[in-house]
Amino acid sequence: MKFELKSKYKPIADQEEAIETLSKGVLDNKKYQTLLGVTGSGKTFVMANIIEKVQRPTLIISHNKTLAAQLYQELRDFFPNNAVSYFVSYYDFYQPEAYIPSTDTYIEKDADINETIDKLRLAATANLLTRPDTIVVASVSCIYNIGSPREYGHFVFEFTEGMKIKREQVIDRIVDLQYERSEFGFNRGTFRVRGDSIDIYPAYLDEALRIELTEEGIKKVERINPITGSKVPESEFHSSSFVLYPAKHFMTNPDSYKDVFINIKSDLNTRVKELKNEGKLLEAHRLAQKVTYDMEMIQEVGYVKGIENYSRYFDGRSPGDPPFSLLDYFSEPYKDKWMLLVDESHMTFPQIRGMFNGDLARKQTLIDYGFRLPSALDNRPLRFEEFMRRVPNFIASSATPSEWEVSMSQGKSVELLVRPTGIPDPEVEIRPVKNQVADVIEEIKKTTAKKQRTLVTTLTKKTAEDLTTYLNEQGLKVQYLHSDVATLDRTDILDDLRNGRYDVLVGINLLREGLDLPEVSLVAILDADKEGFLRSDVTLIQTMGRAARHVEGRVIMYADKVTGSMQRALDEVARRRKYQIEYNKKHYIIPRSVEKPIREKLIEHEPSERAPWVFGSKEPIYESLPHLEINSMTPMEKKRLIKNLTTEMRLAAQDLNFELAAEIRDKIREINV
C-alpha cells in the first residue's frame, strides 16, 4: 500500500524546492528540520507532497482540536485511498479525579466520552497495526498513556469463513475484547446474539459485522448496516476473513493477573504501612479498601473505572518508566521508519512541554490522602525529553517558528514566502483606541456590504462574549469563538461564517493560527498595544495572516502607541509583502482570492447549547435553581434545564472549579429521578 496524492494542483517553484529539500532531509536521516511558511503558502499541500515522496507512516501533531480537524479533512481529501485518521481527546466533558484537602472534598472521575471521536481514535491505532499507508492527525493528547501496543495487538480475534469454532467460543473471544453484550441497544463496542447469528459493532468502524454459524463453525462473514441490519453491497466490501480489534485501548491479559495482583498487593501493603507510620490511619484504611475493590472488579469483569492507574503493572513497567502512548504505535511496527510533522510548532512544542507538571500536582494530592497508590503517577503524559527520544525526526512547520526549532535545525529554515494565489500580506492600518468599538462596527458594515467576513480579536473571553452581545444588538450577525465552545461546535461555527450565517467572529486565541477562511477580508485587533502573550509579535503576525487569503485583505490595529511587538510584526509583514509583490511582477501574476469549497462536516453531531441560559434569564441556571419550581416543569422543560446545567458543569470543570462541577452534577442526578 503506497501513499497516493490526489490533487488538481501542481506545486509551484517555491513549493517544489521546499518539498525536495525536506523530503531529502528525511530520507538522509536528518533529524530536525523547520519550514517557515507564510499563511496561504500551501504548507498543508507541501506536507502532503512530502508524505507521498517519503512513503512513511506519518504523525501530524497540531496544538488545538479545531486545526487538527481542519488538517484531517484536508489530508483525507488529498489521500482518499489511504488510511487518514484523527486522534484527539475524546472527552466532551472531563472532570478528573481530584481531592481538595481544605474542604475534605473528594471528586470522583466523571467524563462524557464522545463516541464518534473514540471510534476515530481506535481506528487510528487499528490502522497503524495493519496498514503502513497511515496518516494520523493528532492533538497533544497523543503523548498520554493509552496502553501497550503489544497487548492491544495481541488482543485480536481473527476469523474467516469455514473456520472450525463453536458459537460459545466466538462469544468468549468477543467478550475478551471488552465488547458488551446488548440485546436491546446496538451501539459501537457491543454485540448481540440471535440464534446462530452474531452481530458485532466494532468500536472503530461505521459498519457492523454479522457472523453466521453452523454446528461445524463459521458459515459466512458479512458487513451490515448497524441501523437497518441490511447487508453492505459486495461492491464496497467483499472478504471471507476479518480481524476484530479491542473495544478499548487499555487491555489486560487474564493469564498475567496472578503476578500483577501479587505486585499490587505488595505495593499496597508497603504504602499502608507508610501511612500508618505517619499517623494517617484513615488514609491507610481508605487506600486498602479502594485497591482491594478495584482488584476484585478487574478479576471478575476484566475492567474497572480508573484501570489506567494500574497500567504500570499490566504493562510490566518499572516505577518512573514512561507510559505507552500513540508514539509507540508508530515505533512498535515501524521502528524509526516513520515521520513526524509538527503543525504550528511555535505553539505545539510548548504545549507538549507543559503537560507533565499539571498532571503531577493533582495526582500527588490523591496519593498523599490515600485515594491512589503511588503507581498512579505512572499513568501520565510523556515528559518532553521522553517525547524527543521517541521521535525519529521532525519537520516543524510554522509561519513564526521559535528560536528553539530553528536552532534544532542547525540555524536554518526552509522558507515558503510565496502564495500560489499571488496575494501579498495584508496592508496594516493603525487607529486610536478611543471609540474603537464604534469604529470597528462601521468597518464591519462596509465589509459585510461587500459580502465579505470579519474577524475581531479581544483580550479576554468575557470581552469577546460582551462584544458579541453588543454587536448582535446592533443588527450584525456575530458569534464568539473561544476555548469554552465545544470541540465539534467550533468547526460548525467556522463553516457558518463561511456560508454567511455569521458575518463576524469575535475571539481571542483560536483566531490565530491556521484557520482557512478565504471569505475573511478584514481582521480587527482591539487593544493591540497591550504588550503580552496575546499581543506579542508572533501572535500579531499569526492573527494578521488570517486576512492573507482574500485579495482585498486588510488589518486594522487599534493602538495609541506602537509597541516593540507591534513594530517587529509590522516589519516582518512588510518584508513578506514586498517579497510576494516582487515575485508577482517577475512572473506576471495577478493576485486572486482563494476559492475553497466548504467540506462536509468532520462528524455529524447534534450542536451543543452555546450559552448556558434558559427561560430568558441571563443569570446562571444553577444559581437561579432555588427560584425555579422544578416539580411543576414539563418533561421538555426539565430536559432543557438539564442540558443547560450540563453546559455549566462542563464550564466549571474547565475552570478547575471541581467543587461547583460536582454540586451541579449531583443536582442533575436529582432532577433526573
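- Contact check for Thr646 versus Ile668: side-chain heavy atoms found under the 4.5 Å cut-off.
- The distance from atom CD of Glu427 to atom CD of Glu429, rounded to the nearest 0.5 Å, is 9.5 Å.
- Residues Arg431 and Glu443 form a side-chain contact, since some pair of their non-hydrogen atoms from C-beta on lies under 4.5 Å apart.
- Tyr558 and Asp529 form no side-chain donor-acceptor contact under 3.5 Å, judged by distance and modelled atom types alone.
- Of the N and O atoms on the side chains of Arg535 and Ser565, not one donor lies less than 3.5 Å from an acceptor on the other residue.
- Taking the charged nitrogens against the carboxylate oxygens, Arg498 and Glu519 do have a contact shorter than 4.0 Å, which makes a salt bridge.
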Does the pair Tyr99 and Asp104 meet the rule for a side-chain hydrogen bond (donor to acceptor under 3.5 Å, both in side chains), with working shown? CA-CA 7 Å; Tyr99 179 66; Asp104 189 27; 2.5 Å; yes
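- Using modelled atom types, one finds no donor on one side chain facing an acceptor on the other under 3.5 Å when comparing Asp503 with Gln452.
- Atom CG of Leu67 sits about 4.0 Å away from atom CG of Asn64, to the nearest 0.5 Å.
- In plain terms, the two heavy atoms of Phe87 and Cys142 that are nearest each other are CE2-CA, 4.0 Å.
- Residue-environment remark: NZ (Lys434) stays at or below the threshold of 12 foreign heavy atoms within 6.0 Å.
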List the steps, then state whether side-chain hydrogen bond (donor to acceptor under 3.5 Å, both in side chains) holds for Ser521 with Arg453. CA-CA 6 Å; Ser521 65; Arg453 314 286 185 265; over 6 Å; no
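- In this structure, the side chains of Ile508 and Leu459 stay at 4.5 Å or more apart for every pair of heavy atoms.
- Atom CD1 of Ile423 sits about 9.0 Å away from atom CZ of Arg549, to the nearest 0.5 Å.
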If you apply the rule side chain to side chain contact (heavy atoms under 4.5 Å, CB included), what do you find for Lys530 with Asp527, and how did you get there? CA-CA 6 Å; Lys530 300 293 187 290; Asp527 301 304; 3.8 Å; yes
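- Annotation for Val555 and Ala547: closest pair CG2-CB, 4.3 Å, computed over non-hydrogen atoms.
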With side chain to side chain contact (heavy atoms under 4.5 Å, CB included) as the test, would you mind laying out the steps for Ile100 and Tyr106 before giving the verdict? CA-CA 6 Å; Ile100 304 170; Tyr106 171 70; over 6 Å; no
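- Partner of Arg501 under the side chain to side chain contact (heavy atoms under 4.5 Å, CB included) criterion, out of Asp495, Asp496, Ile493: Asp496 alone.
- Gln73 and Asp77 form no side-chain donor-acceptor contact under 3.5 Å, judged by distance and modelled atom types alone.
- Ser397 places none of its side-chain heavy atoms less than 4.5 Å from the side chain of Leu341.
- Counting all heavy atoms, side chain and backbone alike, Leu645 lies closest to Ile664 at O-CG2, 3.4 Å.
- For the residue pair Ser398/Glu405, the side-chain donor-acceptor check at 3.5 Å is not satisfied.
- Using a cutoff of 4.0 Å between basic side-chain nitrogens and carboxylate oxygens, Asp206 and Arg188 are scored as salt-bridged.
- Applying the salt bridge (Lys or Arg N to Asp or Glu O under 4.0 Å) definition to pairs two or more places apart or across chains, those involving residues 536-545 are Asp537-Arg568.
- A donor and an acceptor atom, one from each side chain of Ser345 and Thr348, are nowhere located under 3.5 Å apart.
- The environment of Lys578 atom NZ is sparse: at most 12 non-hydrogen atoms of other residues, nucleotides or ligands sit within 6.0 angstrom.
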Check against side chain to side chain contact (heavy atoms under 4.5 Å, CB included), Met557 and Leu540: CA-CA 10 Å; Met557 287 185 180; Leu540 292 172; 4.3 Å; yes
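- Taking CZ of Arg546 as the reference point, atom CG of Leu522 lies at 14.5 Å (rounded to 0.5 Å).
- A 4.5 Å side-chain heavy-atom check between Ile12 and Gln15 finds at least one atom pair inside the cut-off.
- In this structure the side chain of Ile60 reaches within 4.5 angstrom of the side chain of Leu71, judged on heavy atoms.
- Here Asp571 does not pair with Arg575 in a salt bridge; the nearest charged N to carboxylate O distance is not below 4.0 Å.
- Ring-plane geometry between His63 and His346 is classed as tilted, the angle between the planes lying from 30 to 60 degrees on a 0 to 90 degree scale.
- Residues Phe356 and Phe387 form no side-chain contact, since every pair of their non-hydrogen atoms from C-beta on lies 4.5 Å or further apart.
- Scored by the ring pair (Phe, Tyr, Trp, His ring centres under 6.0 Å) test, Phe78 finds Phe45 as partners (sequence neighbours excluded).
- Using a 4.0 Å cut-off between charged nitrogen and carboxylate oxygen, Lys363 and Glu97 do not count as a salt-bridge pair.
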Would you check, one step at a time, whether the test side-chain hydrogen bond (donor to acceptor under 3.5 Å, both in side chains) holds for Tyr579 with Asp425? CA-CA 10 Å; Tyr579 188 95; Asp425 274 70; over 6 Å; no
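- The closest side-chain heavy-atom distance from Thr458 to Val506 is below 4.5 Å.
- We find the CZ-OG1 distance between Arg592 and Thr421 to be 6.5 Å, quoted to the nearest 0.5 Å.
- Of all heavy-atom pairs between Ser139 and Ser89, the closest is OG-N, 4.0 Å.
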Report the C-alpha separation of Tyr470 and Glu465 in whole Å, then their side-chain angles, then the decisive distance to 0.1 Å, and conclude whether the side chain to side chain contact (heavy atoms under 4.5 Å, CB included) test is met. CA-CA 9 Å; Tyr470 182 72; Glu465 292 177 12; over 6 Å; no
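- Aromatic pair Tyr480/Tyr502: centroids not less than 6.0 angstrom apart.
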